[in-house]
2 protein chains.
Amino acid sequence: MMDYLISTLVAAFPSTPQLLLTLLSPLLTFLLTCSMIPRITPYFLKARMFGLDLGKKGTSTESVQVPEAAGLVAGTVFLLFLLAVSASQPPSLPLISSLFSILFMMFLGFTDDVLDWPWRYKLVLPLLGCIPVCSCYSGSTSILLPSPVRHIVYASPLSSPLQALLEFVGVVLDPTSPHGLVDLNWLYFVYISLLSIFTTNAINIYAGINGLEVGQVVIATLFVILHSLIEISAGSLSTANHVFSLALALPFLGVLLALLRFNWYPARVFVGDTFCYFAGMTLSVLGIHGHYSKTLLLFLLPQLANFLYSIPQLAKIVPCPRHRLPKFNAKTGLMSPSEYAPGKSNLTLINLTLRICGPMREDTLCAVLMGVQALGCMLGMFVRYGGGARIFFEEEK
Amino acid sequence: MMDYLISTLVAAFPSTPQLLLTLLSPLLTFLLTCSMIPRITPYFLKARMFGLDLGKKGTSTESVQVPEAAGLVAGTVFLLFLLAVSASQPPSLPLISSLFSILFMMFLGFTDDVLDWPWRYKLVLPLLGCIPVCSCYSGSTSILLPSPVRHIVYASPLSSPLQALLEFVGVVLDPTSPHGLVDLNWLYFVYISLLSIFTTNAINIYAGINGLEVGQVVIATLFVILHSLIEISAGSLSTANHVFSLALALPFLGVLLALLRFNWYPARVFVGDTFCYFAGMTLSVLGIHGHYSKTLLLFLLPQLANFLYSIPQLAKIVPCPRHRLPKFNAKTGLMSPSEYAPGKSNLTLINLTLRICGPMREDTLCAVLMGVQALGCMLGMFVRYGGGARIFFEEEK
């Protein structure tokens with residue numbers, strides 16, 4: 001099995017040195033990031049970019065200034081590593097456009113950490129930052145309609161106005177397609193853009209305890225890598241896309257692990273919006289250029305759940321305090337759910353987990369939530385390769 | 001003449017709508033930037049990113065908080081405009097790599113405004129940011145040797161070790177070339193990278209009075225545009241490169257003029273390192289992808305002169321105070337040279353101008369220095385199209 005994977009990898013990569021560099025890249029970026037974080041963070045403290053750890057309130061470390069936005073270091077190492085590697089290769093439009101979009105979001109994230117943008121900017125700017133990635137996307141723009149939707153479009157009283165409307169906005173219908181394939185055309189790019197807005201903001205709102213922002217992305221990235229390795233060794237038609245995805249995902253994993261080391265309880269750095277935007281866009285780019293954007297969403301089920309569960313508070317249907325992170329009890333050293341009203345805990349997956357499992361230490365809580373992420377990803381893998389595969393993923397080739 | 005220019009422009013551009021959009025772009029980006037600066041700068045003040053105007057000391061406005069780093073708004077409008085335009089066109093490697101390098105430098109500039117990097121980072125990072133532009137540079141990598149240098153290389157006692165050394169580092173010599181053309185090969189990319197470091201830092205040190213950072217770039221950009229129009233109407237072999245350059249230079253001019261309006265005496269905003277790095281890299285990209293990097297240097301003669309004149313202070317051969325900007329006399333309202341020692345004014349072109357022309361108001365001084373820039377550019381034009389043209393510019397085709 002291992003031999004077979006190695007031989008298919010050697011065959012899939014343009015050259016053996018490039019394969020070796022890709023395989024070594026997590027180690028290289030891990031070491032680089034670990035050495036740069038302590039060098040760069042003093043500049044953050046000097047510029048008064050720090051936070052106090054709300055999860056340490058009442059302990060001796062509550063007034064320690066923790067540098068903010070260390071995601072800047074991780075993101076910059078990641079980009080510079082890929083730039084340095086790319087210097088030895090012919091210029092590649094997918095790579096440069098990916099780097100542009102990632103840099104653009106990291107830039108937006110850092111300006112947000114400094115200037116604190118209002119929501120309207122945070123939602124509109126990622127749309128524009130996606131343009132380079134969208135404009136050199138070369139895969140299919142078709143999706144499958146689930147059968148109930150197919151029925152409404154092709155065989156219901158609504159069919160004819162609905163078909164006219166869909167065709168008016170540019171969708172290409174093909175009633176003869178055995179799987180109900182429809183070509184979304186430019187609307188596919190709207191979907192891609194929304195995906196990027198989702199990934200960046202979903203990570204941002206699933207946060208609040210040491211290590212969680214980075215930990216969740218580490219797990220998702222491990223499954224992204226596993227998925228690409230499976231596809232390559234299965235001789236997938238989009239092997240080249242998965243090789244591209246691996247060349248980004250492996251150095252990404254390295255910077256993530258280094259950042260996790262410094263952000264793990266008790267956190268020596270905070271990662272900032274800079275990290276959430278950088279990491280969210282990187283995941284999106286992997287999914288888009290790897291042609292597995294739907295599979296990517298399956299690896300982000302806890303984020304999706306946390307987002308849906310949060311909606312009543314985000315939409316201000318129930319009160320939403322400024323911070324929704326769990327309450328820390330300095331006497332017991334444990335965290336318990338925070339509440340927006342007596343007896344009603346804030347609507348986040350973190351608080352829900354604490355309600356189900358009972359109070360626990362911050363690092364245990366983070367480990368449990370990373371376990372939840374891994375379970376979610378395994379469920380995603382099951383959907384991807386289990387019974388639903390042929391129906392939902394036929395066109396992701 | 002005008003008719004001829006219009007007809008050659010129409011022929012040179014891929015389509016008439018694209019030509020019209022390019023011609024209208026300065027107006028569009030000017031209006032956009034003018035409307036965005038007042039909306040965004042309050043966030044700078046809230047984040048305590050502001051400066052006090054040292055040139056207003058002793059007047060009623062000395063304690064007004066002027067927002068810093070407004071170059072961020074100009075640069076972002078410029079990039080977003082080009083992104084939005086590019087969405088309607090097939091993806092272009094030169095364009096995306098240019099946007100990447102410009103964004104990278106703007107990002108570096110903004111982090112510098114916030115975190116205040118040491119010099120070693122400021123010098124190394126631009127080298128890496130240039131990689132995308134370098135790796136898709138498709139022009140010649142040859143340069144002409146001036147005749148004395150040619151003599152040393154080909155017909156002096158030093159010839160044979162020198163030729164061996166040059167060939168060892170990858171330079172391709174061709175003694176039969178009538179103009180002494182040598183192919184610098186990868187060293188050409190070192191030259192391009194150094195050009196980018198020069199443009200970004202040269203603008204940064206030729207600053208200190210309201211309007212000058214932007215004003216100098218406005219004049220240089222006007223000459224860059226004039227040069228491209230001349231080349232296009234002369235049917236230059238690199239017409240496509242000049243069309244590319246115009247499509248960037250014209251919207252660039254629009255954001256510059258808007259920024260100048262807000263930065264002109266008395267300045268309502270400061271532009272920050274963000275602007276110097278953004279504008280310097282944009283000029284470099286124009287020169288590199290337009291294939292006129294040497295002509296570009298001719299349009300930056302005052303910056304070159306200011307840099308050379310500053311070297312004794314930059315190298316700490318003579319004392320260098322933290323600020324070298326001219327002294328403001330609140331009684332007369334005039335500026336006069338600042339000094340590093342009694343009777344010895346700081347070594348900048350600004351102080352030199354004041355020593356030659358006598359004390360003057362800040363806005364008059366800025367206008368005079370913009371006039372100097374225009375004279376320098378005209379001299380550059382004369383060198384470019386006058387007698388030296390055939391000798392120095394033969395290969396810029």
Side-chain angles (χ1 to χ4, degrees), chain A residues 39-49 69 72 75-76 79-101 103-104 106-108 110-118 121 124-125 127-138 186 189 274, chain B residues 39-49 69 72 75-76 79-101 103-104 106-108 110-118 121 124-125 127-138 186 189 274:
Chain A
R39 278 162 215 251
I40 298 295
T41 44
Y43 294 96
F44 287 91
L45 291 177
K46 231 170 57 187
R48 305 192 60 73
M49 283 188 78
L72 180 77
T76 307
L79 285 174
L80 292 182
F81 177 83
L82 288 174
L83 277 182
V85 170
S86 78
S88 66
Q89 293 159 8
S92 143
L93 195 54
L95 179 66
I96 297 202
S97 65
S98 301
L99 297 184
F100 180 90
S101 290
L103 174 60
F104 185 84
M106 184 166 73
F107 173 62
L108 179 62
F110 186 70
T111 58
D112 189 27
D113 276 324
V114 175
L115 300 172
D116 207 6
W117 298 127
Y121 292 139
V124 172
L125 290 174
L127 281 178
L128 292 161
C130 277
I131 291 176
V133 169
C134 289
S135 71
C136 56
Y137 174 76
S138 58
W186 66 274
F189 297 106
T274 312
Chain B
R39 277 164 216 250
I40 299 296
T41 44
Y43 294 96
F44 287 91
L45 292 178
K46 231 169 56 186
R48 305 193 60 74
M49 284 189 75
L72 180 76
T76 307
L79 285 174
L80 293 181
F81 178 83
L82 287 174
L83 278 182
V85 170
S86 78
S88 66
Q89 293 158 9
S92 144
L93 195 54
L95 179 67
I96 297 202
S97 64
S98 301
L99 296 185
F100 180 89
S101 291
L103 174 60
F104 185 84
M106 184 164 76
F107 174 62
L108 179 62
F110 186 70
T111 58
D112 189 27
D113 277 325
V114 175
L115 300 174
D116 208 4
W117 298 127
Y121 293 140
V124 171
L125 290 175
L127 282 177
L128 291 162
C130 276
I131 291 175
V133 168
C134 289
S135 70
C136 57
Y137 174 76
S138 58
W186 66 275
F189 297 108
T274 312

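In what follows, chains carry the letters A, B, and so on, assigned in the order in which the sequence lines appear, proteins first and then strands, with residues in each chain numbered from 1.
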Side-chain heavy-atom pair [X], [Y] within 4.5 angstrom cut-off:
X        : Y        : answer
A/Phe110 : B/Thr111 : yes
A/Leu99  : B/Phe100 : yes
B/Lys46  : A/Asp116 : no

Could you pull out the closest heavy-atom pair between [X] and [Y], with the gap in Å?
X        : Y        : result
B/Ser135 : A/Pro91  : O-CG, 3.2 Å
B/Ser86  : A/Ile131 : OG-CG2, 4.0 Å
B/Pro132 : A/Ile96  : CB-CD1, 3.9 Å

Counting only heavy atoms closer than 4.5 Å, note whether [X] contacts chain A via side chain, backbone, both or neither.
X        : value
B/Leu115 : both
B/Phe104 : both
B/Leu72  : side chain

Practice prompt. Tell me, out of B/Ala84, B/Pro118, B/Cys134, who's got the most heavy-atom pairs with chain A below 4.5 Å.
Written response: B/Pro118

Worksheet, complete the sentence: Max heavy-atom pairs within cutoff under 4.5 Å with chain B, candidates A/Ile40, A/Leu83, A/Leu80, A/Thr76, goes to A/Leu83

